[in-house]
Amino acid sequence: MVKQRWVGLVLVVVLVGCGKSYPIEQAIENGDIVTTPSRENVERFQTFLNQVDQKGEDSIRITSYTTEGDPIFQDVTYDGKQFSYSLDSSQDEFGNEADDRDGESCQTLKKDQTDETHVYLLTDCAEGEDHPLLEATAAELE
């Protein structure tokens, strides 16, 4: 009887430890722009860009996963005038405690282009640091 309890307890601990709090399937279903390990919902970024061009409000979540499978979130909100940016790596086992979850304001969404790749980053941010958001080809954004 005691042996069965230990086996049951070990099984519960293993299952809880292996379960991801935000699996990639959930991120895709929620409409997150997933950049790693696969690229999903990237076309949603183009919708966001269209809203920004029209000075319309919109919000996106860009989720990337570490090698271990832990999610890192970048949330961007545009209110028609400026951007609010937050980074949350709290679910990453090796995450940074000093990440920016408070919603730093940024003034500009900049696009750099190299060959066929577009790199989008937020610039003119309150804390003085630019924030890379997405690297994608034109075909991925269609």
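Only this structure's heavy atoms are used, side chains among them; waters, hydrogens and symmetry mates stay out.
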Review point. Should the ring pair Tyr78 and Phe83 be called parallel, tilted or perpendicular, given that the plane angle runs from 0 to 90° and is split at 30 and 60?
Key: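 Aromatic pair Tyr78/Phe83 classed tilted.
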Practice item. Hey, could you give me each pair passing disulfide bond (SG atoms under 2.5 Å apart) that has a residue in residues 105-142? Not counting sequence neighbours. Key: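 Matches after skipping sequence neighbours: Cys106-Cys125.
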Exercise for review: Answer yes or no: are there more than 12 heavy-atom neighbours, outside Gln113 itself, under 6.0 Å from its atom CD?
Suggested key: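 Atom CD in Gln113 is packed in, count exceeds 12.
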Practice item. Assess whether atom CD of Glu129 is packed by more than 12 heavy atoms of other residues, nucleotides or ligands within 6.0 Å. Key: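 Count not over threshold, so no.
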Check your understanding: Under the side chain to side chain donor-acceptor pair (under 3.5 Å) criterion, do Gln54 and Asn50 qualify, and how do the steps go?
Key -> CA-CA 6 Å; Gln54 297 172 13; Asn50 293 343; over 6 Å; no
Can you tell me how far apart [atom1] ([X]) and [atom2] ([Y]) are? Round to the nearest 0.5 Å.
| X | Y | atom1 | atom2 | answer |
| --- | --- | --- | --- | --- |
| His131 | Leu87 | NE2 | CG | 8.5 Å |
| Phe48 | Leu109 | CZ | CG | 6.5 Å |
| Thr35 | Glu140 | OG1 | CD | 10.5 Å |

Exercise for review: Using a 4.5 Å cut-off on heavy atoms from C-beta on, say whether the side chain of Thr123 contacts that of Lys110.
Suggested key: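 Side-chain contact under 4.5 Å: yes.
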Practice item. Report the C-alpha separation of Lys55 and Asp79 in whole Å, then their side-chain angles, then the decisive distance to 0.1 Å, and conclude whether the salt bridge (Lys or Arg N to Asp or Glu O under 4.0 Å) test is met. Key: CA-CA 8 Å; Lys55 304 285 187 220; Asp79 67 4; over 6 Å; no
Review point. Pick from Val119, Ile62, Leu121: which one makes a side-chain contact (heavy atoms from CB on, under 4.5 Å) with Leu133?
Key: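 With Leu133 as partner, Val119, Ile62, Leu121 yield a single side-chain contact (heavy atoms from CB on, under 4.5 Å), made by Ile62.
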**Study point:** Residue pair Phe94, Thr66: steps toward the side-chain contact (heavy atoms from CB on, under 4.5 Å) verdict
**Key:** CA-CA 9 Å; Phe94 304 104; Thr66 64; over 6 Å; no
**Study point:** Test log, rule side chain to side chain donor-acceptor pair (under 3.5 Å), inputs Asp88 and Ser90
**Key:** CA-CA 6 Å; Asp88 181 357; Ser90 63; 2.6 Å; yes
Point to revise | Residues that Tyr120 engages under ring-ring contact (aromatic ring centres under 6.0 Å, His included), provided they are two or more places apart | key: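 Testing Tyr120 for ring-ring contact (aromatic ring centres under 6.0 Å, His included), a comparison that skips the adjacent residues, returns Phe45.
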Exercise for review: Applying side chain to side chain donor-acceptor pair (under 3.5 Å), run through Thr77 and Ser59 and close with a yes or a no.
Suggested key: CA-CA 4 Å; Thr77 300; Ser59 296; 3.1 Å; yes
**Study point:** Heavy-atom closest pair, residues Ile33 and Asn41
**Key:**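 Scanning both residues completely, I find the closest heavy atoms to be CG1-O, 3.5 Å.
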